[in-house]
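Taking it in order: structure first as structure tokens, then the write-up.
Naming convention: chains lettered A, B, ... in sequence-line order (proteins, then strands); numbering from 1 in each chain.
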Protein chains: 2
Amino acid sequence: MLRDGSGSTEELSTTGRVADVLRERIVEGALPPGTALREVAVAAELEVSRNTLREALRSLASEGLVVQTPNRGVSVRALTAAEVRDIYRTRRVLETQAATESAVADEAHFTAMADAVAAKERAERARRWTEAGTASLHFHQALVAVLGSHRIDEFFRTLLAQLRLAWAASRDEERFQRGWAARDRELFELLRRGHRTQSVGVLLVYLEDSERQVLDGLRQARGAPPDDRSERNARGRSPRADAT
Amino acid sequence: MLRDGSGSTEELSTTGRVADVLRERIVEGALPPGTALREVAVAAELEVSRNTLREALRSLASEGLVVQTPNRGVSVRALTAAEVRDIYRTRRVLETQAATESAVADEAHFTAMADAVAAKERAERARRWTEAGTASLHFHQALVAVLGSHRIDEFFRTLLAQLRLAWAASRDEERFQRGWAARDRELFELLRRGHRTQSVGVLLVYLEDSERQVLDGLRQARGAPPDDRSERNARGRSPRADAT
DNA sequence: TCGCCAAGGATTGTTCAACAAGGGTCAATG
DNA sequence: CATTGACCCTTGTTGAACAATCCTTGGCGA
């Protein structure tokens, strides 16, 4: 869903398929941050050998969706506050520059952004929050695409996937998505009209607010459950901590 | 050498070590672009199992140093002209922004840059071109570091590693390195003094020239050897095409 | 009761051997 | 000379095995 749109007849290796499935589950929140991915269990459930699973996990690790601790295996990444700030620092760098250059952007870029914004509005009206989240990410992805670098696009994609991890962690995505369609729209219109400095200003406030919201959600998710340290119980006796 | 300086007592898994060795060989040019990495041969030479090797290769693939073609295995990446342009587009985005923000940069960043520039000058005087190349990369790495994002640093590191692939491909690194110390120095002094717009201008010319040079080297490397298409003979009968 | 220590179990890291599938080579054939 | 087909090499994937490491748990002593 956050994957690049290479689409339909994609012949994928087993390892690639496994990586896709796990990525999906992680990004969608089916596997909350901190969840330990025990190799035998996951391999059995996905009906692949442990070796192929390990290859897939290594891919996910290099995308930052999963962390690998020596002799303790991999677990779904639990972003720290510092890491969230790091992500937003990166977003500011890339998105403000994109906003600045969008004045001379290709028309295709604007239609892509417009599509994403429209999709977001539809999703929000329908109260389909997960879809709304995806659309929002697509909007910003389209914005960064005006920089015209495939590598940046790819990098930004992994960045947003990590960020989405934080959303999915919080129980109600609604709180994260509600009301942002309007702000996406506002930002888009400014970009569209080529109001360079103004759009950058709005963008910075946008990102500031978004960052604060994610950080709040993080603090709350960490504080609310009495004995859930989201780290400690990754291994051990947590009711459904493995991926089966 | 281009790895992050976590340094000394680093306990690394076998997979990690294998990845490091191969990364080194690739970046240093011991394995020229297009070289096919046959699993059994490489695994035997490095004295690891095929499975472990495959995990390491997957890491390298996600760093872009190696390409994975289904059913045909992995081979050292051979950058196309379009990809080189893509890399420089990315560099422009990150480095110009870094130059702009360097006005308010931490002092530590400047000392890092100064160290790199000094190292580059020493290496160039000593005519140690490989070292000179490394130093130059460190300078730009230090520049981008002022953006203050760990993720950008990491991203930029893989970017430069890929670029270095193109240098190493050309037979004489001297042509790539000679004379650039002065330009690095010039750029650094401008940054140091906080001449914002001027340093950005110089930087853009710098990158423009560098890009042209790499592209020229690429064209030449592709044109010069009569029957070396750097792709065709990756597999097949090339004298020393595998990594043994 | 509390804390320390050893035994035991579980999980990862790594290896080995095997086989199917796909691709390339090369020679025979039309 | 182009095509076909057999052959071989290489990759993709599996299953089982073992050592090393970590966590848990129960026993022991204070």
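For the salt bridge (charged side-chain N to carboxylate O under 4.0 Å, His left out) condition, the pairs that include at least one residue of residues 128-147 of chain B, sequence neighbours left out, are Arg128(B)-Glu131(B).
The aromatic rings of Phe155(B) and Phe155(A) sit parallel to each other, their planes meeting at less than 30°, with 60° as the upper class boundary.
Straight-line distance from the CD atom of Glu55(B) to the P atom of dG13(C): 8 Å, rounded to whole Å. Note: CZ (Arg58(A)) to C1' (dT14(C)) measures 12 Å, nearest angstrom. Across the protein-nucleic acid pair, Leu46(A) atom CG and dT13(D) atom P stand 13 Å apart, rounded to whole Å. When rounded to the nearest whole Å, the span between CG of Leu37(B) and C1' of dT11(D) equals 13 Å. Across the protein-nucleic acid pair, Arg17(B) atom CZ and dG13(C) atom C1' stand 12 Å apart, rounded to whole Å. The nearest whole Å value for the distance from the CD atom in Gln68(B) to the P atom in dG12(D) is 7 Å. Between Leu57(B) atom CG and dG12(D) atom C1' there is a gap of 13 Å when expressed in whole angstrom units.
Proximity of Arg38(A) to the phosphate of dT11(C): a side-chain N or O atom is located under 4.0 Å from OP1 or OP2. Under 4.0 angstrom from either OP1 or OP2 of dG13(C) there lies no side-chain N or O belonging to Thr15(B).
Qualifying salt bridge (Lys or Arg N to Asp or Glu O under 4.0 Å) partners for Glu174(B), counting only residues two or more places apart in sequence or in other chains: Arg127(B), Arg178(B). Here Thr14(B) pairs with nothing under the side chain to side chain donor-acceptor pair (under 3.5 Å) rule; sequence neighbours left out. With sequence neighbours excluded, the residues forming a salt bridge (Lys or Arg N to Asp or Glu O under 4.0 Å) with Arg50(B) are Glu39(B), listed by chain and number. With sequence neighbours excluded, the residues forming a salt bridge (Lys or Arg N to Asp or Glu O under 4.0 Å) with Arg212(B) are Asp209(B), listed by chain and number. Residues satisfying the salt bridge (Lys or Arg N to Asp or Glu O under 4.0 Å) test with Asp115(B), not counting sequence neighbours, are none. Annotation: side chain to side chain donor-acceptor pair (under 3.5 Å) contacts of Glu95(B) (sequence neighbours excluded): Arg91(B), His140(B).
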Do any N or O atoms of the protein come closer than 3.5 Å to N or O atoms of nucleotides 5-9 of chain C, and which pairs are they?
none

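The CG atom of Leu147(A) lies 10.0 Å from the CZ atom of Arg89(B); values are rounded to the nearest 0.5 Å.
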(message) At under 4.0 Å between heavy atoms, how does the protein contact nucleotides 15-22 of chain C? Give one character per nucleotide, 5' to 3', with B, S or -.
(response) BB-B---S
